[in-house]
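Take a look at the structure set out below.
The structure presented is a predicted model; accordingly, all values stated were derived computationally and were not measured.
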Amino acid sequence: MKTKILVGVDGSVVGSAAVDWAAERARDLGLQLNLVHAVPEPWAFPEKALHNGATAQAKDLLKDETARVAARFPSLEVVTTLSSGEPAETMRKLSADAEMVVVGTDRRPGNHGEGFGSVSFQVAVISHCAVAIVPAPSTRESYGVVVGVDGSRDSELAVECAADEAHRMGQELVIVHAGSGRDPSPSGRSGRGTGPAEPGLDGHALLSKSVHGLEGRHPDLAILKILDLERAPAEALLDASTRARLLVMGCKGRGGARVLVGSVAQHVLLNVQCPTVITRPALQT
C-alpha cells in the first residue's frame, strides 16, 4: 500500500496552495507528506557559486515550508526531498511509489499555446500515479466533487476515486456525461464528440451504470447525475468545474493505451478551473 503524497514546493502563492491541499488530504487519509523541490543540475549554472546559492535557498525554502505545514497540521508526518534536475522529471521518478503527486499550476489566464511547456502539465502527463493540479486560491463559493464519465474502465475508476474524495470532503458527488457536440482538441480545432461508450447504451443508462455499487461503499453520499447533450465533454467539465471543490478525470478514457493523456483530459489540464485530479488506473494496481 502506498503511504505518501508528494507535493512540489517552489515558494509561490500557488505552490503554497498546492502544499495546503496536499497536507489536508494526507492528514485525512493518514499518509505521509513529502515536500519536494528540484534544483537545476550544476551544469545549468554559469558558476559553481550560483548553484551552491540556489541549493542553500532551496534548503531554506523546504525548512520554512515544513514549519508552516507543521503549524497548521501538527499531527501530520512531513518529510522533505531536495533533488537535482528538472521538476517534472524529478516528480516522475519519485511518483513510482507515491499515492498521489500534487503540484500548483504554473499557467495563467490567456496562456494559449503554452501548455506543453507547463511544469504542471508535464507532471500530469508523465507521472506514474494519480496527479492533482491545484490552481491559485479563489474567493468564489465552491461545492461538490465533479467527475466525468464516458463508460470506459478509466472513467469507472475515476468515479470510484471521486466518490472516495467526496466522502472525505463531505461533498456531493456530481457525475457528468456529455455525449454530443464537438470536442476541442489541444490545437483549438474541433474534433468529434465522444458519444456513448457502449453501443445501445444511451447517456441516461451510462450515468445509471456509473453509480452502480457506490451506494454500498458510501451509503450516505449524495449523488447528482448530469447529462449534457449540448456541449462537448471538455467544455461541459470545465463549466461544471468552475463551481466545484474538486474535479476528477480518468487520464485516457476511450483514447486507448497509445496516448498518455486523452484529448478531453488534456484540454481540461490546459484550462484548470479548480483542483483537478487525473487518475492513473493502469498504474494503481
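Atoms CD and CG, from Glu99 and Leu31 in turn, are 5.5 Å apart once rounded to the nearest 0.5 Å. With values rounded to the nearest 0.5 angstrom, Thr276 atom OG1 is found 4.5 Å from Leu247 atom CG. Atom-to-atom distance recorded for Thr3:OG1 and Glu77:CD is 8.0 Å, nearest 0.5 angstrom. Residue Ser208 holds its OG atom at 11.5 Å from NE2 of His212, rounded to the nearest 0.5 Å. For the atom pair His177 NE2 and Asp150 CG, the distance stands at 7.5 Å (nearest 0.5 Å). Put simply, CD on Glu24 and CD1 on Ile5 are 10.5 Å apart, with the number rounded to the nearest 0.5 Å.
Val134 and Tyr143 are members of different hydrophobic clusters when ILVMFWY side chains are connected at heavy-atom separations under 4.5 Å. Under the 4.5 Å side-chain contact rule for hydrophobic residues, Val39 and Val79 do not share a cluster. Criterion: ILVMFWY side-chain heavy atoms under 4.5 Å apart, direct or through other members. Under it, Val149 and Leu229 are part of a common hydrophobic cluster.
In this structure, the side chains of Val277 and Val131 stay at 4.5 Å or more apart for every pair of heavy atoms. Put simply, the side chain of Trp21 reaches to within 4.5 Å of the side chain of Leu246, judged on heavy atoms. Under the 4.5 Å side-chain criterion, counting only non-hydrogen atoms from C-beta, Val119 is not in contact with Met91. Side-chain contact check for Leu35 versus Val78: some heavy-atom pair is nearer than 4.5 Å. In this structure, the side chains of Asp20 and Arg68 come closer than 4.5 Å at one or more pairs of heavy atoms. With contacts defined as side-chain heavy-atom distances shorter than 4.5 Å, the pair Pro137/Val13 qualifies. Within the 4.5 Å cutoff, the side chain of Leu238 has heavy atoms near those of the His267 side chain.
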List the steps, then state whether side chain to side chain contact (heavy atoms under 4.5 Å, CB included) holds for Asp164 with His218. CA-CA 8 Å; Asp164 290 342; His218 302 295; 2.8 Å; yes
Do Val125 and Gln122 pass the side chain to side chain contact (heavy atoms under 4.5 Å, CB included) test, and can you show the C-alpha distance, the side-chain angles, and the key distance before you say yes or no? CA-CA 5 Å; Val125 170; Gln122 292 175 38; 5.8 Å; no
Show the numbers, then the answer: is there a side chain to side chain contact (heavy atoms under 4.5 Å, CB included) between Leu6 and Val102? CA-CA 6 Å; Leu6 307 177; Val102 182; over 6 Å; no
Side chain to side chain donor-acceptor pair (under 3.5 Å) for Asp220 and His167? Distances and angles first, verdict last. CA-CA 8 Å; Asp220 298 327; His167 176 75; over 6 Å; no
Would Val9 and Thr80 count as a side chain to side chain contact (heavy atoms under 4.5 Å, CB included) here? Give the steps. CA-CA 10 Å; Val9 177; Thr80 63; over 6 Å; no
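No side-chain N or O of Ser152 forms a donor-acceptor pair with one of Asp154 less than 3.5 Å apart. Side-chain contact, Ser118 with Ser120: a donor N or O sits under 3.5 Å from an acceptor N or O.
Between Ala130 and Arg280, the shortest heavy-atom contact is N-CG, 3.8 Å. Counting all heavy atoms, side chain and backbone alike, Leu82 lies closest to Leu62 at CB-CD1, 4.0 Å. Here the closest non-hydrogen pair linking Val248 and Ala158 is CG1-O, 3.5 Å. Summarising the geometry of Val272 relative to Leu269, their closest heavy-atom pair is CG2-O, 3.3 Å, with the distance given to 0.1 Å. The two residues Leu94 and Val36 make their nearest non-hydrogen contact at CD1-CG1, 3.8 Å. Asp228 approaches Ala236 most closely through the heavy-atom pair OD2-CB, 3.7 Å.
Of the possible donor and acceptor atoms, none in the side chain of Arg27 sits under 3.5 Å from a partner among the backbone N and O of Pro74. At distances below 3.5 Å, at least one donor-acceptor pair connects side-chain atoms of Gln273 with backbone N or O atoms of Asn271. With hydrogens and angles disregarded, no donor-acceptor distance shorter than 3.5 Å links the side chain of Ser95 to the backbone of Lys93. A donor-acceptor pair is defined here as one N or O able to donate and one able to accept, closer than 3.5 Å; such a pair exists between the side chain of Thr242 and the backbone of Asp239.
Between Glu165 and Arg25 a salt bridge is recorded (basic side-chain N to carboxylate O distance below 4.0 Å).
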